[in-house]
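Chain A is the first sequence line, chain B the second, and so forth, proteins listed ahead of strands; every chain is numbered from 1. All values derive from a computational prediction rather than experimental measurement.
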2 protein chains.
Amino acid sequence: MSPKVPDQHKEQRQREILSASKKVFAKKGYEATSIKDIMEATGISRGGIYDYFSNKEHIFLSLLEQSMEDNRKEIDTLLQKNNGSVWKTLLAIWDDYREAKNEDKEDSFSAAIIEYGIAHWRKPENRGYIENRYGKAAGIFSSLIQKGIDNGEFDPVTSVDDISRFMISFLDGIAISAITLTHGFMQTGKQIDLFENSMKSMLNVKEPDLSQR
Amino acid sequence: MSPKVPDQHKEQRQREILSASKKVFAKKGYEATSIKDIMEATGISRGGIYDYFSNKEHIFLSLLEQSMEDNRKEIDTLLQKNNGSVWKTLLAIWDDYREAKNEDKEDSFSAAIIEYGIAHWRKPENRGYIENRYGKAAGIFSSLIQKGIDNGEFDPVTSVDDISRFMISFLDGIAISAITLTHGFMQTGKQIDLFENSMKSMLNVKEPDLSQR
DNA sequence: TATAATAACGACAAGGGTGTCATTTTTGTA
DNA sequence: TACAAAAATGACACCCTTGTCGTTATTATA
């Protein structure tokens, strides 16, 4: 004679599915992952999964959204950690690309994201998500750079948006190679060094490079 | 009482299959393409396809090899067309990324290549092809830059290999965005401009930029 | 024109993935 | 303890793809 479920037990269940399937996507990639894999990873039955998500793509897109939010927060954290220095924050962001990518490569959810994008851009109904992701990333970096300008850290000659996009392109490229190729094959560190130099002159960084890295 | 086939009729048939399936891969992407699609595109029956190739991947890898060879030749051509000027050759290569990618985007075989790489790096047996591709590209660009040094066109501070890899990373990133995003969303031209500037100072280009573009 | 070698065909079986839904299990309340 | 509502289950029917292989069509020669 009354609702029989606990309260946000549902949310808990959803979170379980999401967290388990994120690992699966990271390990196997988007296409290669089947609902069966997710069932096994969560321990929930076939029908159970469908009670919470309508299909694999639905699960993935939820994870995508969550991941973007995580990234945004991560940058805020870094900014605080570096006492508001945008340049140091950028260096910290890029540092992640140096080695880390090679270590936990086997569990790279980013790889799944790129795979999803590159395999699904042809269908108009997916474009929205893909552009949204790019747009958000560009926006975040743009406002970060703008903050640096307001700070007095930077004095770029070119448009903030263009620099932001340049940054994304390069980092995307690095991410792909880092994921795709075995360690040592490409000298990620060296490339990041060159990239930092480019960005430094592009942004016209004022700060003397005291503790560069 | 004698072999019943014309001579290199087989080769002709193979070429037919390859050329038709290249279009299909370009239009639909790697995963989304099925043998059925290739049958329809070539007009050859199911069994017929399997007489020449053992499976979809076999066809794709043949195309991949062919495409790498084409790229190599293309660069030689550009080099001649520019009277041996490496810098002008590089500018010409990069120019391809400015607009063209957006026009025939619907028929982008490069997209299929990247998709293949990002979706299959996890299987060790595929690593070979992927690394081979990267290695060859890096080699081509490295020797191109080296030629520029011998020419007296460049005088870079950093290693030729590192610059070559930096170039590949950025161009890969650009390619992905150009493919993935709708036209106008990202300002490819502007990014290439910034990239050219970076490369110019990285290579320490001697030539005055008379007919820059 | 007959024929033998072989190229081309297409029906088929097998495998795997998907989403549904009738049934069973669980759980909070009376 | 009883029970009703909701959660969880897993068998099922459907669809699509793959690679094979016995059969048919073609073709250069004699």
Between [options], which nucleotide has the shortest distance from any of its atoms to the side chain of [X]?
X	options	value
A:Ser34	C:dT18, D:dT18, C:dA8	C:dT18
B:Ile35	D:dA7, D:dG10, D:dT18	D:dT18
A:Arg46	C:dG19, C:dA8, D:dG19	C:dG19

OP1, OP2 of [N] versus side-chain N and O of [X]: anything below 4.0 Å?
X	N	value
B:Arg13	C:dA8	yes
B:Tyr50	C:dC9	no
A:His9	D:dA8	yes

Please report, rounded to the nearest Å, how far the [atom2] atom of [N] is from the [atom1] atom of [X].
X	N	atom1	atom2	result
B:Ile38	D:dT18	CD1	C1'	12 Å
B:Gln14	C:dA8	CD	P	11 Å
A:Glu11	D:dA7	CD	P	13 Å
B:Lys36	D:dT20	NZ	P	20 Å
A:Glu40	C:dG17	CD	P	10 Å
A:Ile44	C:dT26	CD1	C1'	15 Å
B:Met39	D:dC16	CE	C1'	13 Å
B:Ile49	C:dC9	CD1	C1'	12 Å

### Query
A:Ser45 or B:Thr33: which one's nearest nucleotide on DNA chain D is closer to the 5' end?
A:Ser45
### Task
State, with a plain yes or no, whether a side-chain heavy atom of A:Glu74 is found less than 4.5 Å away from one of A:Ile93.
no
### Query
Taking the nucleotide of DNA chain C with the closest heavy atom to each, which residue, B:Asp51 or A:Lys56, is nearer the 5' end?
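Its nucleotide being nearer the 5' end, the pick is B:Asp51.
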Give a yes or no on whether the ring-centroid distance for [X] and [Y] is below 6.0 angstrom.
X	Y	answer
B:Phe170	A:Phe195	no
B:His120	B:Tyr30	yes
B:Phe60	B:Phe53	no

### Task
Answer with base, sugar-phosphate or nothing: what part of the nucleic acid does A:Tyr52 contact at a heavy-atom distance below 4.0 Å?
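Sugar-phosphate, no base atom in range.
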### side-chain hydrogen bond (donor to acceptor under 3.5 Å, both in side chains) partner of B:Gln12, chosen from B:Gln14, B:Glu16, B:Lys10
B:Glu16
